[in-house]
Structure formats: C-alpha cells, structure tokens
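Naming convention: chains lettered A, B, ... in sequence-line order (proteins, then strands); numbering from 1 in each chain.
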Protein chains: 2
Amino acid sequence: MATIGDVAKLAGVSRSTASYALSGKRAISDEVRDRVYAAVRQLGYTPNAGARALATSQTMVIGLLAQFLPDEFAPAMLQYILGVSDSARELGYDILLVTEEDGTRALKRITDSRAVDGVVLLNVAEDDERLPILREAAQPGALVGLPADCAGVDVFDLDFEEAGRMMVEHLVRLGHRELVLVSQPEHVVQRGGAYVWRLQNAALEAAALRGVVLHTYFGASRQPEIGRQLTQLLDAHPTATGLLLNNEAAAAALPSVLSGRGLRAPEDLSVVGRYSDEFARTFSLPYSSIESAPDRLGRMAVRTLVDRIERRAGGPHVVRFISPDFAERHSTAPPRAAGSPAPRRDH
Amino acid sequence: MATIGDVAKLAGVSRSTASYALSGKRAISDEVRDRVYAAVRQLGYTPNAGARALATSQTMVIGLLAQFLPDEFAPAMLQYILGVSDSARELGYDILLVTEEDGTRALKRITDSRAVDGVVLLNVAEDDERLPILREAAQPGALVGLPADCAGVDVFDLDFEEAGRMMVEHLVRLGHRELVLVSQPEHVVQRGGAYVWRLQNAALEAAALRGVVLHTYFGASRQPEIGRQLTQLLDAHPTATGLLLNNEAAAAALPSVLSGRGLRAPEDLSVVGRYSDEFARTFSLPYSSIESAPDRLGRMAVRTLVDRIERRAGGPHVVRFISPDFAERHSTAPPRAAGSPAPRRDH
DNA sequence: CTGAAAGCGCTTACAG
DNA sequence: CTGAAAGCGCTTACAG
C-alpha cells in the first residue's frame with residue numbers, strides 16, 4: 001500500500017508538502033497541488049487510519065454502546081443504531097459497535113485505548129454503571145435515555161411525561177372514562193428504566209386531574225407471556241374503553257390478542273401505543289402512537305457529540321427532551337357506550 | 001493518559017522490557033514482570049490502539065458491512081449483526097459497523113485506510129459489487145450469502161436447496177398434494193438474492209418428483225402489501241392445504257391474515273416458514289420453520305475470518321452450507337380432507 | 001534476561 | 001510557498 005512518502009516522491013515534493021496539499025492546511029501552489037493529486041490517484045493512496053490517529057489524536061470513530069438485554073425488545077433498539085450510524089457517517093465518523101454484556105468494561109476498553117473520539121450510550125439506566133467510567137474518560141459522551149445524574153454528559157430523551165399526558169388527554173377528550181396502561185416489565189424499571197415511571201406517573205396525574213380511572217400494569221417483554229397478560233387485563237377490566245401501551249412487545253402482540261377476542265380498534269377498544277413509526281410499519285401495527293423518534297434522538301446525540309469532539313462546542317452540557325408527536329392511525333374513537341361493558345368473544 | 005514510557009520509568013526498566021513484559025513475547029524475570037504489572041495498575045495504563053495498530057499492522061477490528069435495503073426486513077438482519085459482534089468480541093476483536101448505502105465505497109474506505117484487519121459482508125448478492133473491491137483489498141473477507149463467484153473469499157450460507165426440499169417433503173409426507181410457496185420480493189431476486197431461486201427451484205423439483213402441485217409467488221417485504229397478497233393467494237388457491245414461506249415479512253403478517261379469515265394452523269392450513277428461532281419468538285410466530293441460523297452463520301464467518309487474519313489458516317478458501325434444522329412448532333398436520341376446499345370465512 | 005534504537009505512517013510546529 | 005525534522009506511542013529486530 002502506498003504511503004504519503006510514495007506520493008511525495010512521485011510528485012517530487014517533500015512529505016510535508018504532500019500532506020499539506022491533501023489537508024489544505026496551508027497554501028500550496030496550484031502546480032504542486034496538481035502533481036500531488038495526480039500521484040495520489042496514480043498510486044491509489046489512502047491515508048493509514050492508525051498512523052493518522054496517532055499523529056492527530058483523532059480516530060474519526062465514535063463508539064456506540066448498545067446492550068441487548070434479554071428482557072428488552074431487540075428490534076426497537078435497531079432504529080437507534082441506524083440513526084446513530086447514518087448520521088455519524090454523514091459527519092465523517094465511523095461506528096465502533098459494542099454489544100458486550102459488560103458495558104462498563106467495554107466502555108473502559110475503547111476509551112482508555114483511544115480507539116474512539118467519543119461515545120454514544122444507548123439504553124441508559126437511571127443509575128447507569130457506565131456513567132462513572134464515561135466521566136473519567138478523556139472523550140465526550142452523549143446519552144440516549146435519562147439518568148439520575150446528567151453531569152458531564154449530553155443527554156437526549158423523549159419527553160415521557162408529556163407522552164403520558166398526551167395519551168391520557170387524547171382519550172379523555174374523546175370521552176373515555178376508564179383506561180388501562182401497560183408499561184414495560186417491572187425489572188426494566190428496577191434496572192433503572194426511569195422513563196417507565198416518568199410516563200406512568202404523568203399519565204396517572206393527568207387521569208386524576210380529569211377524574212378518569214387509569215389502571216396501570218407492568219407487562220412482560222416476551223411472547224407468549226405478554227399475550228396472556230393482555231388477555232387477562234382485558235378480562236379484568238371489561239368496562240375499560242381505552243388501552244395505552246408503553247411496551248413494544250405488548251403492542252406487537254395486541255393484534256392477535258384482539259382478533260382472538262373478536263375485538264377491533266377503535267370500534268370496541270381505543271388503543272394508543274408508544275413506539276416509532278418504523279416499528280409500526282415493521283410490525284404492521286394499526287394503532288395510533290406517540291412517536292418515540294429513535295432516529296431523531298440518535299441523530300441529535302451524534303450531532304452534539306461531534307460538535308463537542310471538534311471543540312465547536314466546549315460549553316455547558318445539555319439535557320434535551322424531544323416533544324412527542326402523535327402519529328394518527330385511527331385506532332381511537334369515542335367509547336361505544338359509556339359505562340356499558342365492552343363486547344366479549346361470543347363463546 | 002499514561003504511555004508505555006511512563007510505565008517503564010515507574011518500573012525502572014526500558015520501554016522494550018515493559019512492552020515484552022506485557023506481551024509475554026520474550027522471557028522476563030519474575031521480579032521485573034511484577035514491577036511492570038504494578039506500574040501498569042498504578043497508572044491505569046492501556047496501550048494506545050492507534051499506536052499499536054501502526055506498529056503491528058493489526059487493528060484488532062473487523063469491519064461489518066450491513067446494508068439495510070428498504071425492501072428487506074430489517075429485524076431479520078439484526079441477528080446476523082449480533083452473532084458477528086458477539087463472536088468477534090470473544091476472539092478479541094471489535095466491530096466497525098458500516099451501514100452506508102454505498103457499500104463499495106465504504107468497503108474501499110475501511111480496507112484502504114487499514115482501519116480493519118478483515119471484513120464480514122452481510123446480505124451478499126449473486127453478483128455483489130463489493131466483491132471486486134474485497135478481492136483487491138489486503139485484508140481477508142468472509143461472506144454470509146452465496147455469490148456467483150466465490151474466488152478469494154470464505155463463504156457461508158444456509159443450504160437453501162435443502163431447505164426448499166425439506167419444506168416440500170415434510171408436507172408431502174403428511175399427505176398434502178397442493179402447496180403454495182411465497183418467496184421474497186422479485187426485486188430482491190433481481191438484485192441478486194440467488195438464495196430465493198435456490199430454495200424455490202429445489203422446492204419445485206421436489207414437488208415434481210413427488211407429483212404434487214406447488215404454486216410459487218414473490219411476495220412484498222412490507223406491510224400492508226404482503227398482507228393483501230397473502231389474502232389474494234389464499235383466495236386464488238382454495239384447494240391448497242399447505243403454505244410455505246421464504247419471506248420474513250409474510251411470516252410476520254400471516255397470523256393476522258389467518259385470524260382475519262377465521263383460519264387456524266394446522267387445523268385449516270399447514271404452514272412452514274424459513275426464519276430464525278429468535279425471529280419466531282420476537283414476532284410470536286406459531287409456525288414450524290426451517291431454522292435460518294443467522295447467529296451460527298455469523299459465528300462461523302467470524303471464526304474463519306479471524307483464523308485467516310491470524311495466519312493460522314492461509315489455506316484454500318471455503319464455501320460452506322449449513323444444513324437447515326427443522327424447528328417444530330406444530331403448525332403442520334395431515335390435510336383436513338384431501339381435495340376438499342379449505343374452510344372459508346363465514347360471511 | 002535486558003536495553004538502545006529503528007521504524008510503523010502520518011501531522012505539524014519550526015525555519016527559510 | 002516549501003522542506004527537514006521531531007514526535008505521536010507502540011513493537012521488535014539487533015546487541016549484549
């Protein structure tokens with residue numbers, strides 16, 4: 001493989017001149033520049049990434065820490081990954097994908113070894129073990145997900161409180177008086193998925209304010225458990241007319257649960273989920289939803305991270321919540337007949 | 001950040017001795033080694049990845065090229081990625097994830113710049129444009145998917161011919177005489193998804209051999225098109241008693257299509273898919289399937305690639321097909337009544 | 001068993 | 001506008 005020395009020799013200039021001609025970091029005569037470019041083309045020269053990283057202390061690589069926990073719904077994560085990967089590339093960065101179980105060790109490894117210029121953490125927990133490591137690291141970090149302590153990092157998350165309020169208010173406005181909310185599994189919360197609480201508490205508050213009943217549950221994140229649970233919930237609350245889902249697995253399972261009971265949305269039951277549009281398409285979900293916008297969050301995290309890497313922004317750290325959009329898929333309507341039981345399967 | 005020079009100084013040895021103590025590449029007295037280790041611990045020393053890559057020409061990074069084509073089903077790809085990522089890590093390698101649209105350019109970039117020691121290509125097409133680039137590259141490559149020309153690369157794929165035969169024979173043994181096969185979209189084939197042909201042709205051959213009718217179709221890879229198409233196919237072939245799916249989107253859509261028609265598998269229709277067990281769980285699919293084993297394929301590709309990188313295997317390139325396993329989920333049974341039409345929705 | 005030195009392929013002050 | 005030199009942080013022949 002050709003080195004910059006080969007390019008310089010062929011162009012008849014010094015290595016520094018060749019380097020400057022390529023970087024444009026100092027004025028070069030047109031004639032010399034042309035000769036250098038010609039040599040580059042002729043030799044098929046590409047700078048050696050390791051050598052450049054060593055010389056500049058810039059790898060042009062961003063670390064992406066994505067944990068695929070057994071109790072989370074993997075396809076939901078994919079969208080964040082693609083959002084991060086695509087926007088990193090647009091900004092000239094490659095992605096070092098780390099899916100190791102032991103996220104702390106992985107983070108320490110890639111930051112200590114200077115393999116990356118910065119890091120994006122997905123799936124951030126309330127009291128995330130990776131954060132102390134990140135704060136000690138020389139590289140900046142951006143999180144998707146809100147931890148208890150945001151010091152020293154840039155944080156991006158959906159406004160789950162607003163999402164909870166929106167879900168409830170939307171159905172209240174249509175005339176619903178009794179709702180059921182199915183959240184993520186309880187161990188997600190225990191592990192530190194504070195967003196589950198944020199949405200649920202805001203939903204409860206909104207319900208109390210409007211004087212409607214809201215039953216809240218934690219649902220499994222796996223089939224077939226979640227399907228059975230949904231069935232039980234519908235049995236347990238025959239007078240509820242609205243179903244709110246903050247649980248991707250539940251959303252994915254709902255169509256067959258409903259059709260198994262002979263129910264349709266919104267005729268028999270109004271349904272609002274919280275997931276991305278892409279997720280809805282993939283799983284063919286016909287329910288209106290609070291758009292969780294993983295791609296937007298991923299993009300924002302990367303942009304801010306790159307700004308920080310490139311010292312354009314050395315300023316204070318940000319904590320940004322994006323306002324949820326409501327994706328209308330016509331799965332909500334006024335309740336069939338206030339107070340009367342929802343239709344049941346006819347056997 | 002501490003360098004090996006700092007370690008050497010603190011341990012009171014030369015840099016080379018410190019380096020050898022850490023690599024174990026030459027004999028070191030116990031006493032010196034202990035001093036070096038102590039210094040490493042005290043300083044929290046981690047070797048600089050770029051410097052090491054420059055000195056050794058080894059990055060300990062594997063490039064993973066995953067294209068997320070709009071007409072393919074993204075969640076199916078995730079499993080390959082995780083298989084590759086996890087097994088690479090076990091072998092000491094990190095993953096540079098490249099999801100760029102322009103796979104050729106990306107591949108050229110990461111190989112020419114020596115950012116990776118080797119490359120895994122996912123989603124390989126019959127006449128894949130990335131292959132000429134890969135053959136010119138200095139690094140070895142492993143493919144998941146079978147191209148027309150396997151020269152210079154290691155290739156791993158499911159034995160789709162065997163898969164096609166298995167699907168047909170399984171249903172024939174149960175007494176079915178008329179089957180429908182839904183494959184991936186036609187443009188996947190046109191782009192070079194030869195595996196679609198391989199499965200379909202083998203299925204047709206097996207059907208001819210057994211004297212049973214096999215209707216073959218290309219299905220969409222998106223909702224809601226694929227759902228509509230499945231409905232049309234079932235309408236068009238009322239006497240068919242078995243449905244074969246070589247199309248993940250079709251498999252994901254089938255449960256609601258069937259329940260919409262009041263049909264159940266295997267009572268009313270026998271169904272066999274071709275997808276991974278993980279996929280079946282995620283989508284809660286109750287159909288027996290030919291296991292596509294993405295994790296196994298990813299692992300095999302990585303192991304072979306790493307062997308080649310580390311010169312343990314400089315030998316001839318391999319083309320390996322893995323035999324499909326049949327994952328029994330009890331969605332097949334003898335046809336209800338040979339020759340009589342399948343039950344239809346009662347309205 | 002250990003050390004001094006060269007070299008990997010870049011970039012970037014320093015000089016002119 | 002250009003060149004010679006130092007340096008980034010490692011590893012590894014070469015010497016002893």
* Asked: Tell me, do B:Phe156 and B:Ile322 make a side-chain contact under 4.5 Å, heavy atoms counted?
  -> no
* Asked: Does the side chain of A:Lys25 get closer than 4.0 angstrom to OP1 or OP2 of C:dT11 through an N or O atom?
  -> no
* Considering only heavy atoms and no angle criterion, is a donor-acceptor pair shorter than 3.5 Å present between the side chain of A:Ser16 and the base of D:dA5? -> no
* Asked: Starting at CG of B:Leu22 and ending at P of D:dG9, how long is that distance when rounded to a whole Å?
  -> 16 Å
* Asked: Over how many whole Å does the gap from B:Lys9 atom NZ to C:dA4 atom P extend?
  -> 13 Å
* To do: Nearest whole angstrom, please: distance from the P of D:dC8 to the CG of B:Asn48.
  => 12 Å
* Asked: Side chain of B:Ser19: nearest nucleotide among D:dT12, C:dC10, D:dG3?
  -> D:dT12
* Which whole-number value in Å describes the distance from A:Met1 CE to C:dC8 P? -> 16 Å
* Structure fact -> Taken to the nearest whole Å, CD1/B:Ile4 to C1'/D:dC8 is 15 Å
* Ignoring backbone atoms, establish whether A:Thr17 has a side-chain N or O less than 4.0 Å from OP1 or OP2 of D:dG3. => yes
* Inspect the contact between B:Asp94 and A:Arg109 and indicate whether a charged nitrogen and a carboxylate oxygen are less than 4.0 angstrom apart. => yes
* Quick one: do the B:Asp154 and B:Thr304 side chains pair a donor with an acceptor below 3.5 Å? -> no
* Ignoring the backbone of B:Thr56, work out which of D:dT11, D:dC8, D:dC10 is nearest its side chain. => D:dT11
* To do: Given salt bridge (Lys or Arg N to Asp or Glu O under 4.0 Å), test A:Asp30 with A:Arg33 step by step and report yes or no.
  => CA-CA 5 Å; A:Asp30 289 356; A:Arg33 192 200 333 276; 3.3 Å; yes
* Side-chain contact test, heavy atoms from C-beta onward, threshold under 4.5 Å: evaluate it for B:Leu43 versus B:Val40 and give yes or no. => no
* **Nucleotide nearest B:Arg52 (side chain, heavy atoms from C-beta), chosen from C:dC8, C:dT11, D:dT11** => D:dT11
* To do: Write down the distance between CZ (A:Arg15) and C1' (D:dA4), rounded to a whole number of angstrom.
  => 10 Å
* Would you call A:Ile62 and A:Leu305 a side-chain contact if the rule is heavy atoms closer than 4.5 Å? -> yes
* Pair partner, D:dA15 [Watson-Crick or wobble, under 3.5 Å] -> C:dT2
* Residue met sooner reading DNA chain C from 5', once A:Ser23 and A:Leu54 are mapped to nucleotides -> A:Leu54
* To do: Please work out which residues in residues 26-44 of chain A have a non-hydrogen atom less than 4.0 Å from an atom of DNA chain C and list them by number.
  => A:Arg26
* Asked: Do B:Gln139 and B:Asp117 touch side chain to side chain, with heavy atoms closer than 4.5 Å?
  -> no
* Asked: Between B:Thr99 and A:Ser85, is any side-chain donor less than 3.5 angstrom from a side-chain acceptor?
  -> yes
* **Those residues of residues 108-117 of chain B lying under 4.0 Å from DNA chain D by at least one heavy atom** => none
* Asked: Charged N to carboxylate O below 4.0 Å: is that the case for A:Asp149 and A:Arg135?
  -> yes
* Asked: Can you find a donor-acceptor N/O pair under 3.5 angstrom joining the side chain of B:Tyr20 to the base of C:dA4?
  -> no
* To do: With the side chain counted from C-beta on, respond yes when A:Arg130 and A:Leu65 share a heavy-atom pair under 4.5 Å apart, and no when they do not.
  => yes
